[in-house]
Amino acid sequence: IAMSFSIYFRTMPQRMPIANDWAENAVLNFYTNQVQAQVNQQYPNLPQQNKDALVQSQLQTFKKENKELINSQTTQLAEQYRNNFRDDQGTLYLLGIDPYYYYRQTEFVLSNGFPGTSIKPDGTLWDDERLAPIGREAEWGFHHWFGAQWHKFLNLFGDFPLMFSFFFVGTIFSALTVIPAFFIGRRLTKNNVGGFFTAMLIAVSSFFVARTTGESSDTDVYSVFFPVLIAWLFIEAMQASEVKKKIMWISLAGFATGVFAFAWTGWWYIATFILVALLVHVAYLLLTHWNTRSTFFKSPALTSPLTVIGIYCLSSAIFISVFSSLNQFIRILKGPFQFISLKAVAVTSFWPNIRTTVAELNVASFTNVIEQLGGNLLLTLAIAGIIILLLQKNKEGKREILVPFFLAIWLAASFYATTKGVRFILQITPVFSITLGICMGLAWHYSSTWISKELKLHKLVTQTIMFAILALLLISPIKSGYSQAFNSVPSVNDEWYNALTKIKTEAPENIIITSWWDFGHWFKAMANRPVTFDGGTQTYWGAHWVGKSLLTTEEKNSMGIVRMLNCGQNNAFIELD
């Protein structure tokens with residue numbers, strides 16, 4: 001059920017039902033204006049209030065008498081609107097800006113066998129279309145690697161354009177995220193209802209839907225899929241009773257961490273949270289068993305988490321080095337400090353920090369963050385889920401703090417991340433859904449058991465009633481997720497596509513497109529021409545020079561700047577300096 005919701009929402013742009021609303025409004029406005037003109041002509045001296053009533057009356061009559069005509073015109077106009085967001089093959093354009101970078105790299109993988117335009121004599125992969133005319137190193141990434149494999153697989157069953165197949169990459173991983181989410185909820189609540197609520201909350205989360213509807217962003221889907229997967233494997237490792245199973249689960253978590261490092265630049269945070277939680281857990285055990293430390297040092301209660309720490313660090317280091325590089329492993333320690341200074345200005349350089357101009361890095365207010373998550377009630381219940389989990393006792397009658405503490409630091413750190421930009425609301429989505437799902441699953445278990453006992457009702461009856469009551473909490477998230485999907489349409493339209501295709505077919509081969517960075521990926525993907533800079537090469541000097549070329553009132557200065565950039569980027573300034 002949860003996967004069905006996830007897929008339905010994220011494929012909605014292919015159907016684009018919002019076009020029906022646009023068309024219906026346009027057709028009704030047309031006839032409303034006609035009726036108004038007629039009324040004004042017939043009754044020029046009538047009070048406006050009377051005119052409005054007359055217009056509405058005549059319009060209702062016209063709609064009844066011409067229902068088929070209006071429906072036909074609405075259908076035709078809706079299809080015209082949809083076609084404005086499809087290329088000449090009828091393929092829907094990708095929704096966002098950054099997807100076109102990965103789309104272009106996937107094209108290179110399919111045509112060249114690597115994600116670039118050329119290979120240097122020393123074996124370095126190179127992309128001559130970025131930071132033109134110098135170019136820059138090209139790198140393998142999970143997104144365009146998977147996109148190429150998925151495209152090849154899909155074309156075993158037909159002849160599909162790359163833009164069509166690439167649309168579904170985010171949809172696939174969003175649906176897959178539901179699976180480990182379900183198992184986390186089931187493991188921590190010890191019932192399938194907790195698993196269901198956790199899975200549904202992740203599937204329909206409005207911000208997650210907004211960032212993964214079709215191919216609406218870039219690698220954002222991995223920043224939810226992999227943390228949820230790694231968290232599940234980590235929790236299974238800590239819940240396992242046998243050492244062999246612990247090693248197996250935590251080794252898989254290390255493997256997933258390695259792939260995550262290959263898939264997304266901010267991969268380190270989930271690994272950092274796991275290690276911090278484990279170290280705090282070990283410290284807590286040492287403090288509570290200090291008086292019996294001579295025997296406790298050798299007990300499984302201490303050696304077990306230490307083994308998990310060692311195996312996780314070792315397996316992560318191995319797989320990170322395999323999929324990325326061993327140097328990346330140190331980001332588990334350095335990542336938090338780098339993140340804190342994400343938008344610092346004039347600290348290491350006097351060039352402008354271009355991240356201050358990125359819309360998705362605008363700071364979100366705490367109130368706005370809570371609204372995006374569903375309101376104060378759901379946030380309170382999510383926090384309550386951690387508290388209830390902490391108060392629970394295991395079979396030995398002891399409280400286990402590790403998982404509640406892990407979820408707490410994940411939730412708290414994710415809220416802090418939103419102070420660096422609205423896009424980081426996405427990092428709250430998985431842990432918020434998990435903790436809220438846990439609260440709902442435990443509430444279902446305890447309330448149905450208590451009511452059944454006190455009122456002498458059959459347990460199945462109370463379980464069904466409580467499930468129905470708690471399911472009401474899903475109405476708001478589902479409506480928000482649906483609204484996000486319903487309003488999701490491509491940023492590219494036929495006007496963009498036709499203009500860039502004209503450059504592709506008619507402009508000289510050796511031109512370079514110089515513009516502000518936002519649409520650089522579109523220029524490369526559709527115009528097939530190199531660019532001065534783009535969303536992935538937001539160089540500080542590029543922001544200065546291109547900004548200055550656009551703002552100066554002197555044509556000579558603008559021409560000089562563009563000539564310098566097109567003949568060697570910032571090298572002329574560096575040489576003079």
Side-chain angles (χ1 to χ4, degrees), residues 177-178 180-191 193-202 205 207-208 223-240 249-250 253 256-257 260 268-285 305 308-309 312 332 336 369-370 373-374 378-394 398-418 424-445 477:
T177 306
V178 166
F182 171 82
F183 285 117
I184 290 175
R186 187 172 77 162
R187 167 62 72 180
L188 297 180
T189 61
K190 298 178 176 61
N191 59 69
V193 170
F196 169 75
F197 283 131
T198 305
M200 273 296 293
L201 287 164
I202 284 228
S205 171
F207 206 81
F208 189 29
S223 69
V224 177
F225 169 72
F226 281 105
V228 173
L229 176 63
I230 293 165
W232 169 53
L233 296 170
F234 165 63
I235 291 168
E236 290 291 347
M238 298 313 300
Q239 298 279 339
W249 285 113
I250 204 63
T257 303
F260 192 20
W268 52 266
Y269 80 89
I270 191 68
T272 302
F273 297 160
I274 287 174
L275 291 176
V276 168
L278 285 168
L279 290 171
V280 170
H281 179 60
V282 169
Y284 171 78
L285 291 174
V308 169
I309 292 173
Y312 183 65
I332 294 176
V369 173
I370 294 173
L373 295 173
L378 296 188
L379 176 62
T380 303
L381 292 176
I383 296 171
I386 297 175
I387 296 171
I388 296 170
L389 203 60
L390 182 63
L391 295 176
Q392 277 189 322
K393 293 183 179 180
N394 58 21
K398 297 179 181 179
R399 292 192 178 94
E400 297 180 351
I401 71 159
L402 176 58
V403 173
F405 180 74
F406 166 66
L407 295 174
I409 60 172
W410 188 357
L411 185 64
S414 298
F415 268 107
Y416 168 75
T418 62
F424 295 110
I425 294 176
L426 186 63
Q427 272 57 65
I428 306 178
T429 297
V431 64
F432 177 80
S433 301
I434 290 168
T435 54
L436 180 56
I438 288 168
C439 179
M440 294 170 72
L442 292 174
W444 172 82
H445 170 70

Over all heavy atoms of both residues, which pair between A199 and V178 is shortest? Give the atoms and the distance, please. CB-CG1, 3.6 Å
State, with a plain yes or no, whether a side-chain heavy atom of L407 is found less than 4.5 Å away from one of L411. no
Any donor-acceptor N/O pair, T418 side chain to I425 backbone, under 3.5 Å: no
Here the gap from I230 atom CD1 to I250 atom CD1, rounded to the nearest 0.5 Å, amounts to 10.0 Å
Got a second to check how far W232's CH2 is from T198's OG1, nearest 0.5 Å? 14.0 Å
Drop me the distance from L279's CG to I274's CD1, to the nearest 0.5 angstrom. 12.0 Å
Is the shortest heavy-atom distance from the side chain of V282 to the side chain of I309 under 4.5 Å? yes
Under the side chain to side chain contact (heavy atoms under 4.5 Å, CB included) rule, collect the residues that match up with A413, sequence neighbours excluded. F273
Should the pair Y269 and F260 be assigned to parallel (<30°), tilted (30 to 60°) or perpendicular (>60°) ring geometry? perpendicular
Evaluate the side-chain contact (heavy atoms from CB on, under 4.5 Å) criterion for residues L426 and T429: first the C-alpha distance (whole Å), next the side-chain angles of each, then the deciding distance (0.1 Å), finally the verdict. CA-CA 5 Å; L426 186 63; T429 297; 4.2 Å; yes
Between the side chain of T272 and the main-chain N/O of I332, is any donor-acceptor distance below 3.5 Å? yes
Given Q239 and E400, is the side-chain contact (heavy atoms from CB on, under 4.5 Å) satisfied, shown in steps? CA-CA 10 Å; Q239 298 279 339; E400 297 180 351; 4.2 Å; yes
If we only count heavy atoms from C-beta on, is the S433 to V228 side-chain gap below 4.5 Å? no
Got a list of side-chain donor-acceptor pairs under 3.5 Å for residues 434-441, not counting sequence neighbours?
unit_1: T435; atom_1: OG1; unit_2: V431; atom_2: O; d: 2.9
unit_1: T435; atom_1: OG1; unit_2: F432; atom_2: O; d: 3.1

What is the minimum heavy-atom distance between S223 and Q427, and which atoms define it? OG-NE2, 3.1 Å
Atom OH of residue position Y416 - does it have more than 12 heavy atoms of other residues, nucleotides or ligands inside 6.0 Å? yes
Between CZ on residue F405 and CG on residue L278, distance to nearest 0.5 Å: 10.5 Å
Could I get the full list of ring-ring contact (aromatic ring centres under 6.0 Å, His included) partners for F406, not counting sequence neighbours? F234, W410
Rounded distance (nearest 0.5 Å) linking atom CG of L381 with atom CD1 of I386: 12.0 Å
Is there a side-chain contact between P430 and F208 (heavy atoms, below 4.5 Å)? no
Under the ring-ring contact (aromatic ring centres under 6.0 Å, His included) test, which residues partner F196, sequence neighbours left out? F467
Separation between CZ of F207 and CG of L373, rounded to the nearest 0.5 Å: 9.5 Å
Between G194 and T189 the two heavy atoms that sit nearest each other are CA-OG1, 3.5 Å
Between H445 and K190, is the side-chain contact (heavy atoms from CB on, under 4.5 Å) condition met? List the steps. CA-CA 9 Å; H445 170 70; K190 298 178 176 61; over 6 Å; no
Side chain to side chain contact (heavy atoms under 4.5 Å, CB included) partners for F225, two or more places apart: F173, L176, T177, L229
Worked verdict on T257 versus Y312 for side-chain hydrogen bond (donor to acceptor under 3.5 Å, both in side chains): CA-CA 9 Å; T257 303; Y312 183 65; 2.8 Å; yes
Checking H281 now: which residues fulfil side chain to side chain contact (heavy atoms under 4.5 Å, CB included) with it, not counting sequence neighbours? L285, P305, I401, L402
